[in-house]
Amino acid sequence: MAFRCQRDSYAREFTTTVVSCRPAELQTEGGNCKKVLSGFHVVLEDTLLFPEGGGQPDDRGTINDISVLRVTRRGEQADHFTQTPLDPGSQVLVRVDWERRFDHMQQHSGQHLITAVADHLFKLKTTSWELGRFRSAIELDTPSMTAEQVAAIEQSVNEKIRDRLPVNVRELSLDDPEVEQVRGRGLPDDHAGPIRVVSIKGVDSNMCCGTHVSNLSDLQVIKILGTEKGKKNKTNLIFLAGNRVLKWMERSHGTEKALTALLKCGAEDHVEAVKKLQNSTKILQKNNLNLLRDLAVHIAHSLRNSPDWGGVVVLHRVAEVLEGKGAGKKGRFQGKATKMSRRTEVQALLQDYISTQSAKE
C-alpha cells in the first residue's frame, strides 16, 4: 500500500487514527556523542510522514503537536518514534515539516532527472545516490567524466525544467508487462503490494517509493557542483536542486562580500590577491626562520663567553621530565614541552650529568 505522503506529496496535514503504540528506543548521534532515547513506536492507519527509503531520508513532523523524531518502514506499516505515548483508537492530527519535505522532493526528483539525462546523453548508468544534508551525490558507473559532459548534463536538465514537464506517479501490479520497461535497481525483500512508478513525461520512468514534485518547474533550477572520485571505477556527480541552489548562492555572496572587504579588491581579483598573500607569507616565514637561526647562534656565543658559564645554561630544552615530545638530530633535540614548571629539576639533572662526566675525565 502507498502511504498518504506518497499519494499526495504536497499534503501538509491530515487526520488519521492511532493503530498501536509500544515502547521503543532510538539511538541518536550528535558530534562524538551517542545517546539512546526512550520512547514509543506509534503506528497510524495512514501517514503523512515519509519513512526513509529509496535513498531519501525520513520526514519530520508532529502528531497532535508531539514531535516525531524518526519514521521507519516496517513491511506495510510505518513506525513513528515519539517520546510521548498516544492512545490506540484515538483520532490524531499529523503535520509534516514542509520545508524539509519539499527540499527532499526537489533533490529526489532532481536526481531522477539527472540520472535519466546522463544515461540518455552519455550512457552513464546510476549505481546509487545519496541525499545529503547540504548537497546530494549521484554515483555513476564510470571512472571519470569530462567538464564538457558535466556542462551538457546541467544544460539539458535545466532546459527540461523550463519546459515544465509533468511528473506522474502510477501503481503497477507485479505481473504487469510494463514493469519490464521501467528503470529500477530491484525491490526490497519485504516489498508487498503494487509497484510504484515515477515518470517524467518523455524523459524517464523509474520504480521509486519516494516523494516527488508534480512538475519539473517546482525544481526551479539544478546546479552541478562538479565530480568527485567515487568507489572503484565510479564517479560521484555532486548537485544541488531548487532552494538549495538559492541558499548556496546566498552563502557564496556573503563570502564574496567578506573577502572584498578584507582584500580591498573586487571579486574578480580575489584569487590573485590570495595568491599574493600566500607568496608574501612564505617569504616572511623564511625570513623569520633565518632571523631565529641567527639569533640562536648569537645567544649561544654570548652564553658560552659569559663569565657565569658553568657548563649548563637553561634556555629552551625539551626532556622527558618536561613531558616533551620531539626528536634528536645531529646532537640537537627539538620538540615541545608541557611541564616547563619543572625546569629547575631538569637543570639539576643536567648539572649532575656534566659533573659526573667531568669527574670521569
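Side chains are part of it too, since the values below use all heavy atoms of this structure and drop only hydrogens, waters and symmetry mates.
Formation of a donor-acceptor pair under 3.5 Å by the Gln6 side chain with backbone atoms of Phe3 is found in this model. Not a single donor-acceptor pair under 3.5 Å links the side chain of Tyr10 to the backbone N or O of Cys5. A donor-acceptor pair is defined here as one N or O able to donate and one able to accept, closer than 3.5 Å; no such pair exists between the side chain of Ser156 and the backbone of Ala152. With hydrogens and angles disregarded, a donor-acceptor distance shorter than 3.5 Å links the side chain of Asp58 to the backbone of Val71. Between the His41 side chain and the Phe81 main chain, no donor and acceptor come within less than 3.5 Å of each other. Under a 3.5 Å cut-off, the side chain of Trp129 and the backbone N or O of Gly54 do form a donor-acceptor pair. Side-chain atoms of Asn64 never come within 3.5 Å of backbone atoms of Ile66 as a donor-acceptor pair (strictly under, hydrogens ignored). With hydrogens and angles ignored, the 3.5 Å screen pairs no side-chain donor or acceptor of Thr126 with any backbone N or O of Ser128.
Judged by distance alone, the side chains of Gln56 and Gln107 never bring a donor and an acceptor atom under 3.5 Å apart. With 3.5 Å as the limit, one finds no donor-acceptor pair spanning the side chains of Ser9 and Thr211.
We find the CG-CD1 distance between Leu237 and Ile224 to be 4.5 Å, quoted to the nearest 0.5 Å.
Residues Ile161 and Ile200 fall within the same hydrophobic cluster, defined by Ile, Leu, Val, Met, Phe, Trp and Tyr side chains chained together at heavy-atom separations under 4.5 Å. Following chains of ILVMFWY side-chain contacts shorter than 4.5 Å, one can reach Val213 starting from Val203, so the two form part of one hydrophobic cluster. Residues Val43 and Leu49 do not share a hydrophobic cluster, defined by chaining ILVMFWY side chains whose heavy atoms lie under 4.5 Å apart.
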With salt bridge (Lys or Arg N to Asp or Glu O under 4.0 Å) as the criterion, how do Asp59 and Arg101 come out once you've worked through the C-alpha distance, each side chain's angles and the decisive distance to 0.1 Å? CA-CA 6 Å; Asp59 281 336; Arg101 157 68 69 75; 2.6 Å; yes
Before you tell me yes or no, could you show the steps for Glu250 and Arg244 under salt bridge (Lys or Arg N to Asp or Glu O under 4.0 Å), namely the whole-Å CA-CA distance, both residues' side-chain angles and the distance that decides it to 0.1 Å? CA-CA 10 Å; Glu250 184 178 1; Arg244 291 196 181 192; over 6 Å; no
Show your reasoning for whether salt bridge (Lys or Arg N to Asp or Glu O under 4.0 Å) applies to Lys201 and Asp163. CA-CA 11 Å; Lys201 185 179 179 181; Asp163 288 340; over 6 Å; no
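For His112 and His212, the gap between ring centers is short of 6.0 Å.
Between Trp98 and Phe102, the ring-plane angle classifies as parallel under the 30° and 60° cut-offs.
Looking at Gln111 and Leu131, their side chains never come closer than 4.5 Å, going by heavy atoms from C-beta outward.
For His120, the side-chain hydrogen bond (donor to acceptor under 3.5 Å, both in side chains) criterion is met by no residue, not counting sequence neighbours. Annotation: salt bridge (Lys or Arg N to Asp or Glu O under 4.0 Å) contacts of Lys223 (sequence neighbours excluded): Glu154. Under the side chain to side chain contact (heavy atoms under 4.5 Å, CB included) criterion, Ser67 pairs with Leu69, not counting sequence neighbours. When the side chain to side chain contact (heavy atoms under 4.5 Å, CB included) test is applied to Lys247, the partners found at least two apart in sequence or on another chain are Glu99, Arg251.
Taking each heavy atom of Ile222 and Ala241 in turn, the nearest pair found is CG1-CB, 4.0 Å.
Annotation for Arg164: atom CZ does not count as buried by contact number, only 12 or fewer foreign heavy atoms lying within 6.0 Å. Residue-environment remark: CZ (Arg100) exceeds the threshold of 12 foreign heavy atoms within 6.0 Å.
Sorted by first then second residue, the side-chain hydrogen bond (donor to acceptor under 3.5 Å, both in side chains) pairs that include residues 261-275, not counting sequence neighbours, are Thr260-His270. Annotation: side-chain hydrogen bond (donor to acceptor under 3.5 Å, both in side chains) contacts involving residues 11-21, sequence neighbours excluded, comprise Glu13-Arg95, Thr17-Gln91.
For the side-chain hydrogen bond (donor to acceptor under 3.5 Å, both in side chains) criterion with Lys125, the lone passing option out of Asp141, Thr142, Asp119 is Asp119.
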